[in-house]
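These notes are about the structure you will find just below.
Fair warning: this is a prediction, and the values are worked out from it, not measured in the lab.
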Amino acid sequence: MNFKNHLDKYEVFGKVAAAAQKLNLPTYVVGGYVRDLILGRESKDIDFTCVGSGITLAQEVAKGFDEHVPLSVFKNFGTAMLKLEDWELEFVGARKESYRLESRKPIVEDGTLMEDLERRDFTINSMAISLNAQDYGDLVDPLGGMDDIKKKNIRTPLDPAITFSDDPLRMMRAVRFAAQLNFDIDPDTFLAIQESAPRLTIISAERIIDELNKIIKTPKPSYGFKLLFASGLLSEFFPEMVELQGVDSVDDKSHKDNFYHTLQVLDNVCQVSDDLWLRWAAILHDIAKPATKRFNPKVGWTFHGHEDKGARMTPSIFRRLKLPMDERMKYVQKLVRLHLRPIALVKDEVTDSALRRLLFDAGDDIDDLMKLCRADITSKNNKKVKRYLENFDKVEIKLKEVEEKDQVRNFQPPVSGEEIMEIFGIPPSKVIGEIKEEIKEAILEGKIGNHPDEARKLMYDIAREKGLYPKN
């Protein structure tokens, strides 16, 4: 197979080939760019490997452009990088690596192209395209990567036990590629993952979560999670999710498997949103069910309070997994805490007060909350699902009507603490918060409108009951 026609479309390949010929360095396009080219996926990241110094090659390539091309050199790693418009070019010399069992730091030596391809993670990433004059554009595939692409197969180029022992993160990458490409993992490779899963403990949480988030961003992440679960990898870094799996039965009363329910909710969310953090809310929405599971002989299995406990668990899970502890965590925590609230509003007799409180508590995240709630309907009974979704349609209409009338989404009490202190001539104190809270409650209960005049009138009444009078 030859890719000369593709290479000729882009100036960059000609520039690299010319520099390589000038330096007499055999040079190849390698790895992910070759894989994606064969799969028809667009990529702007190109890795070049030469038999010699990648840094020297990169420096020579940079000279070949009329305009200045930013060049970054990483001498410790023997690599260099060029940024060219929206292209990112990385250069490295062919190398072989060996590892000590207790360390992730390889012993790196110069190597041949074959040794360089063999050290890579999977055969689909172990192909190269020649940039050399005698075979320009030819595919170099000594390890069967093309055949594995045709078979939709993830396989290591060497003994998988060695590949995963060298860098245990490759086990996560195997699942990630399978999820992204909708490929299978080769049976021998998967068996090696199962046997090597405990070695994942030497990998930093930051590297693991980077791979996990890429799995979560796939169109159907349930496939990746099922592989993580079956391989034993998930239990190594996310035991709370593993605990969701399983069904208990007492007196013929069972609950659904909350692990597979969670995966269905996650897939449902992915059909309506690309937002990573809404997807994380789907993953964590029932995370506290194992901790709150109880059996009641009259009603069967219950999970009372799992939404509140789940919200309390969210920060510690984010912290351990090295997820951000900023507004993104708080967003996920909020949706976990509120995910049952809209279900209670499907009744015809629901009050405006309940709707106002949900709007106030959810704020600008109300739309995402409703997406999560709709995704949470996973019954196999299609009529039941249809009925629930129609009920949510009614809830959303009611929410819209109340919001247009009362404007309580993210509202702040119309009377500020500074205004209360100024009017009554008092310093910062507990009573100011009490007045503001009573005004907020009155608005949410519908006793007064969300208007400054009505709020100030109530403020004077509350203050008088507390023995406070205007200073003038």
How far does [atom1] of [X] sit from [atom2] of [Y], to the nearest 0.5 angstrom?
| X | Y | atom1 | atom2 | result |
| --- | --- | --- | --- | --- |
| S235 | L228 | OG | CG | 10.0 Å |
| R120 | N125 | CZ | CG | 8.0 Å |
| F48 | E90 | CZ | CD | 11.0 Å |
| I203 | R170 | CD1 | CZ | 10.0 Å |
| R279 | L266 | CZ | CG | 7.0 Å |
| R207 | L200 | CZ | CG | 9.5 Å |

Item checked: Trace of the salt bridge (Lys or Arg N to Asp or Glu O under 4.0 Å) decision for K371 with D367 -> CA-CA 6 Å; K371 288 176 184 176; D367 296 332; over 6 Å; no
Margin query: Around atom CE of M1, are there more than 12 heavy atoms from other residues, nucleotides or ligands closer than 6.0 Å?
Written below: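 Atom CE in M1 is not packed in, count stays at 12 or less.
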Salt bridge or not between [X] and [Y]? Use side-chain N to carboxylate O under 4.0 Å.
| X | Y | value |
| --- | --- | --- |
| R337 | E307 | no |
| K217 | D274 | no |
| R312 | D308 | no |
| D393 | R374 | yes |
| K151 | D147 | yes |

Could you check whether any side-chain N or O of [X] sits under 3.5 Å from a backbone N or O of [Y], counting only pairs where one atom can act as donor and the other as acceptor?
| X | Y | answer |
| --- | --- | --- |
| D138 | N2 | no |
| D186 | I154 | no |
| S196 | R199 | no |
| K15 | G64 | yes |
| T218 | K214 | no |
| D286 | K289 | no |
| D141 | M146 | yes |

With under 30° as parallel and over 60° as perpendicular, where do the rings of [X] and [Y] fit, or are they tilted in between?
| X | Y | result |
| --- | --- | --- |
| Y260 | F229 | perpendicular |
| W301 | H255 | perpendicular |
| F238 | W280 | tilted |

Next item on the list: Take D361 and R357 through the salt bridge (Lys or Arg N to Asp or Glu O under 4.0 Å) test and state the conclusion after the steps.
Entry: CA-CA 6 Å; D361 290 339; R357 288 186 179 280; over 6 Å; no
Note to self: To check you understand the geometry: which heavy-atom pair defines the closest contact between M241 and F259, and what is its length?
What the structure shows: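 That would be O-CD1, 3.5 Å.
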Notebook entry, point to check: Ring centroid separation for Y33 and F13, is it under 6.0 angstrom?
Noted result: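 Yes, they do, as the ring centres are separated by less than 6.0 Å.
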Next item on the list: Compute whether any side-chain donor of one residue and acceptor of the other, for Y331 and D368, lie under 3.5 angstrom apart.
Entry: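 Distance-only check passes for Y331 and D368.
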